[in-house]
Every structure is written in structure tokens, then in C-alpha cells.
> 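I have a structure I would like to understand better, so I am pasting it below and will then ask my questions one at a time.
One is the number of the first residue; the rest follow in order along the sequence.
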Amino acid sequence: MKWIVNSEEMNACDSNTIRHFKVPAIVLMERAALCFVDEVVKNVPSGRILAVCGNGNNGADGLAAVRLLYQRGYQVTAVQVPDNGKRTKENQLQRDILAQYGIHILEQLPKEMHFDCVADALFGVGLSREPKGIYAEWISYMNACSGLKAAIDMPSGVSSDDGTAYDPAFAADITVTFAYQKAGQVLYPGCRYCGDIITAEIGITDQSWLGVKPSCFTLEPSDLKQLPYRHPRGNKGTFGHVLAVAGSRQMAGAALFCAKAAYCTGCGLVKIYTAESNRQILQSTLPEAILTVYDDEAPQEANERQSLAEALKWADAVILGPGIGQSEQAQRMATQVLSDAAVPVIADADALNLLAGNLHLLQAMTAPLVITPHLGEMARLCGRNIKQIQSSLRQTAEQFAKSYQLTCVLKDAVTVTAGTCGTSLNTSGCSAMAKGGSGDVLAGMIAGLAAQGMDPEHAAHMGVYLHGLAGSLAARRKGSYSVLARDIIDAIGAVMEPETLTDGRG
């Protein structure tokens, strides 16, 4: 697991390192500049460099980098915005050092626009509003210059908190960030302006949190060791039962995908509660599943309620919603599951649309609930438009999770999973997964993990990460255009046990 921080958290960690552990700020600055220069040297062995610096400590990092590059034989042009009375003492110190070396600092942009590298040290992590005036002019100038674009800590014009990319924003080829990756470097659209991100160690460690950990993280391959243990004497009961309340007439695929994904994620038995019209296709495509069917042509409410109640008692985790439709019959089933379930429920697709007009069901739930909305479903749940949600993914997921005491998996190019234990930003996966059925697979994977005893919130974080890994592997096998939901399912086993991968194709 890697921590992902916002500007406030990073500033607190930096301050604790300086004040509590007595590491001088200038030492951290020197190490940051050295790390940045090392990356520049790797990419541009020699030549002419333009360094554009602000008056804060990010600008001071840039001025320190100017000296180090000058000492390595580069032709460096240093430009700094005029003093606005807010120049930090570290920034002034770096100016004084450069003066002693005879390095002149310009206060106006040069007419020359052909460089081998452009180093951006205007704002760093502190930007909180759209650049105006000279700052906007200088960012546009840097973008127009030739050469490698390299940002120090954060591309200017991009929010480190939520990934907002203002106009203009520096379009970096590489970003050298320090100690921890920033949320704005993971979330869209900010991540598109960062290029390749290098997280450099400069002497700030987890000890600098002084016991107050960040609220956001991302999973990484080492976290796979937390997957449920496969006991050698286990049986199909040992590994849990998943009930999938899924599918309706002409929607058998949703039931198939979530049920098969639950099986492939390791659960022992899957029961599909579905419409009678799906019996034949499900028995032929997934004979491993147990079927309990209801009459979708002549509903008998009492019989349905009894059979669903029995299925709920059998289950260790429940998938609710994929393909069940929006009928009165579907509403009855969803209400019964949310009211009566005593085990974790993963609500997806049609269940979320049914919930949008019945949010009181969420407040009355006693069992753990994981919801997995895409942007449109989330818009209906919280009464906001998609554009608003897309620009505040993390805040939206966290607020909804807190309001209803549930785990919210808000699906987008970077999926945000928010719960009581924290928020994860998922960095696995690719655009090849943007196909019908992919969300059904995710719901099945989360349920499969929860049925094996994993805490439901933890299962959501892990399920999202595994889902992305499987999608990326499927894309390597089939190409980014041709991946289907079934291909993601076929890749689950390999990413859960990565030692089985024999080459880059799986």
C-alpha cells in the first residue's frame, strides 16, 4: 500500500520533519533538487535548460536545481517572477547562493524558445486557484518551448488535491515529486499533465506523520498477500457462499458475469436467484452455479418472498442488482434483500437505480453494504449532474459513504473507493475494460472476496485493484480494442497468483 496525499497532508508531513525531527528545510531542499537533477540528466545528458521559478519553496527547489545543473556543465537560463513580498527565506537563500556563483536570474522571459529541457518550479503543491496574469503567461510560454518538459513536485496549473487542471496548465513529460505521490497526480484530468511520475525519497518518512496517517492510499502488488488464505483442507463450504440476485428476461449475461467472477475469485458456491427465462442459458454456460428461479411472467409474490428469504439465509455475501431491471417485481426483491440481509451486500446496476428513489432503505440497513455506481448511477443517487461528480470524485464518494455508513466504489477511469477506514484511488486497469459487463464482473469479485471472510470494505478496495489488474492482463493478451467482460474473468486467476505468469502476455 502506498499513501496518496493532498497539499495539506504533505505540508504537515514536511513541517513535522523540520520542526519535530529537526531536519533543516535547506537539507530537504538540497535532496529534492538533487533528485530532480538526476532525472533530468537521465533524460537530457547535455544541452540548454530553462528553469522557471516562483517565489515559494517550490521555486527555491528550482533555484537549487539551477546551481546543480550549472555545476554539471549545462547551459542554464534561470527566470524568476518578480518579488511580490512573499519570497520565502529559503528562496532568498538560494538566490544568494546563485549570486555567489555568478549565476544571473532573469525577471523576464527570454525571447529564445528552443531548449533541451524546460524545468517548471512555479507553484508546486500549493496551487489552489486558476493561474492569472504573469503566471498564466509564463506557463503558456513554457508549454510553447521546445525540449523535455520537467515539473518539480507538481505541474504548475494542476491542483495537487483533486487533479483539477486549470487553463493554462504545464504539460510535463516527467514530474519528479517528493516523498509521496499527490492525489492530483492520480486523478483526472491532472494525471494527464504529469507525464511519467517519479516519487523521490528526500528524507521524509512515515515517521513524520507523528501518528496521524493520510486518509488516502493506493494498492500495489505486495498487497496481494492479504488475499484470503486457501486452506489445503478446505472445501466448497470453507470458501463461502455467494448469492447473486441478478438477471431478468433477456438479461442473463449480467447474472452469468457476476456469478462466474465470484467463482473465479475463490468462493466455494454461487447461487443465482433469477428469472425462469434464464434457466436454460445459465445452466448451459455456468453449470457450476446453483439456480433458484422465479416466474417472471406470472409473479407470485408470496412464493418469491419465501424462496428469496431461504436463499438469503444460505449466503455469506449477496450481489444485488445486475440485470434485474426496474419492474415492481425487481423493486420488491431489492427491498427484501436490503431489509433482511444479515451478510454483506454488494449493490450494483439496477439495484442502484431502484435505490435512487428509496434512499431510506440505506438508512435502515444493518448489514454491511458496498455500492458500485458508475457516474450516471451516482448522479441519480445523490441528485447531482455527471460533470459535477466527475470533477469531485473523491469528495462525492467520501460524502456519500459517510452519510449512509457504507462503502462507495465510484467507478471511473480512476475508481475511488471510500469507506470508514479510508479512501483508495485505484491505479490498475485500462480503457480496454470500458465494455458492457465489466461492472458485473467487479461486483462478483468483491462478493467472492467478502464471502471468503474478507472485511467488505477491504474486499471492495482489493476487488477494484484485482479487477484492474485482470483487465490490463486481458488487454495484453487480446489487445486494447477487443477485450470483453469474459476476458477479464479469464484473467482473474493469473493476477491473484502472479507467480503463475510466465511472460508479459500471461
> What's the separation between atom CD1 in I174 and atom NZ in K42, rounded to the nearest 0.5 Å?
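Output value for this atom pair is 9.5 Å.
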
> Can you check ring pair (Phe, Tyr, Trp, His ring centres under 6.0 Å) on Y70 and Y74, steps first, answer last?
CA-CA 5 Å; Y70 167 80; Y74 289 85; over 10 Å; no

> Is a side-chain donor or acceptor of K149 paired with a backbone partner of A119 at a separation under 3.5 angstrom?
no

> Counting only N and O atoms by type, is there a donor-acceptor contact under 3.5 Å from the side chain of S156 to the main-chain atoms of F170?
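No; zero donor-acceptor contacts below 3.5 Å.
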
> Could you tell me whether the side chain of S146 and the main chain of F115 form a donor-acceptor pair under 3.5 Å?
yes

> Taking all non-hydrogen atoms of both residues, which atom of S222 and which atom of M1 are closest, and how far apart?
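Shortest heavy-atom separation between S222 and M1 comes out as OG-N, 4.2 Å.
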
> Dump the intermediate steps for ring pair (Phe, Tyr, Trp, His ring centres under 6.0 Å) on W209 and Y180, then the final yes or no.
CA-CA 12 Å; W209 294 113; Y180 301 98; 5.3 Å; yes

> What are the two closest non-hydrogen atoms of P456 and P368, and how far apart are they?
CG-CB, 3.8 Å

> For R394 versus A183, what's the shortest heavy-atom pair and its separation?
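Answer, listing the atom of R394 first, then A183: NH1-CB, 4.4 Å.
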
> Looking only at heavy atoms, which two atoms of A179 and M10 are closest? And how far apart?
CB-CE, 4.0 Å

> With a 6.0 Å cut-off (strictly less than), is the heavy-atom count around NZ of K402, excluding the residue itself, greater than 12?
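No, NZ of K402 has 12 or fewer neighbouring heavy atoms, counting only those of other groups under 6.0 Å.
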
> For the side chain to side chain contact (heavy atoms under 4.5 Å, CB included) test, which of L410, T396, I371 pairs with L381?
I371

> Determine yes or no for a side-chain-to-main-chain donor-acceptor pair under 3.5 angstrom, with N43 supplying the side chain and E39 the backbone.
yes

> Given the side-chain rings of Y135 and F123, with only the six-membered ring counted for Trp, is the space between their centroids under 6.0 Å?
yes

> Treating D316 as the side-chain partner and V343 as the backbone partner, does any N or O pair qualify as donor plus acceptor under 3.5 Å?
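Side chain of D316 to backbone of V343, a donor-acceptor pair under 3.5 Å: no, none is there.
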
> Any sub-3.5 Å donor-acceptor pair from K22's side-chain atoms to R19's backbone N or O?
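Side chain of K22 to backbone of R19: a pair is present.
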
> Quick one: sort the F400 and Y404 rings into parallel, tilted or perpendicular, breaks at 30° and 60°.
tilted

> Between D223 and Q226, is there a side-chain donor-acceptor contact under 3.5 Å, judged purely by atom types and distance?
yes

> Are T415 and H467 close enough that a side-chain donor and a side-chain acceptor fall under 3.5 Å?
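Note: T415 and H467 side chains miss the donor-acceptor criterion.
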
> What about the rings of H461 and F217, do their centers lie closer together than 6.0 Å?
yes

> Would you confirm whether N426, through its side chain, and T218, through its main-chain N or O, come within 3.5 Å as a donor-acceptor pair?
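Absent.
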
> Using the salt bridge (charged side-chain N to carboxylate O under 4.0 Å, His left out) rule, take D487 and K435 through it: C-alpha gap first, then chi angles, then the decisive distance, then the call.
CA-CA 11 Å; D487 302 316; K435 297 283 181 70; over 6 Å; no

> Answer yes or no: are there more than 12 heavy-atom neighbours, outside R192 itself, under 6.0 Å from its atom CZ?
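No, the 6.0 Å shell around CZ holds no more than 12 heavy atoms from other groups.
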
> Could you verify whether a donor N or O on one side chain and an acceptor N or O on the other, from T423 and E398, lie under 3.5 Å apart?
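T423 vs E398: donor-acceptor pair found between side chains.
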
> Would you say the side-chain atoms of D120 pair up with the backbone N or O of A151, donor to acceptor, closer than 3.5 Å?
no

> For T175 and Q185, test the side chains for any donor-to-acceptor distance below 3.5 angstrom and give the result as yes or no.
no

> Atom CD of Q71 and atom CD1 of I103: how far apart are they, to the nearest 0.5 Å?
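Q71 CD to I103 CD1: 7.0 Å, rounded to 0.5 Å.
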
> Hey, could you give me the OG1/CE distance between T372 and M378, rounded to the nearest 0.5 Å?
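One finds 11.0 Å between OG1 of T372 and CE of M378.
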
> Just checking, is any N or O donor in the side chain of T77 or R48 under 3.5 Å from an acceptor N or O on the other one?
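Absent: no donor and acceptor within the cut-off.
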
> Return yes if some donor-acceptor pair links the side-chain N/O of Q452 with the main-chain N/O of G448 below 3.5 Å, else return no.
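Yes, because the side chain of Q452 sits within donor-acceptor range (under 3.5 Å) of the backbone of G448.
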
> Search all heavy atoms of I488 against all heavy atoms of A470 and return the closest pair with its distance.
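The pair with the smallest heavy-atom distance is O-CB, 3.6 Å.
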
> When rounded to the nearest 0.5 angstrom, what distance separates CD in E8 from SG in C13?
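E8 CD to C13 SG: 12.5 Å, rounded to 0.5 Å.
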
> Using only heavy-atom distances, determine whether the side chains of D162 and T164 contain a donor-acceptor pair under 3.5 Å.
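Checked: D162/T164 side chains pair up, N/O donor to acceptor below 3.5 Å.
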
> Within 45° of the ring axis of Y166 and under 6.0 Å from its six-membered ring centre, is that where the NZ or CZ of R129 lies?
no

> Is it the case that the side chain of N91 and the backbone of R87 share a donor-acceptor pair, with hydrogens and angles ignored and the cut-off at 3.5 Å?
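Looks like no, no N/O pair under 3.5 Å.
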
> Would you check if there is a donor-acceptor pair between the side chains of K182 and S7 at a distance under 3.5 Å?
no

> Measure the spacing between CG of L466 and CG of L219 and express it to the nearest 0.5 Å.
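Reported value, rounded in 0.5 Å steps: 8.5 Å.
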
> What's the spacing between L355 CG and L320 CG if we round to 0.5 Å?
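One finds 7.5 Å between CG of L355 and CG of L320.
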
> Between K411 and D348, is there a salt bridge with N-O shorter than 4.0 Å?
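Yes, this pair counts.
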
> If you look at every heavy atom in C264 and M496, which pair is closest and at what distance?
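Looking at all heavy atoms of both residues, the closest pair is O-SD, 4.0 Å.
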
> Could you verify whether a donor N or O on one side chain and an acceptor N or O on the other, from S208 and T17, lie under 3.5 Å apart?
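S208 vs T17: donor-acceptor pair found between side chains.
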
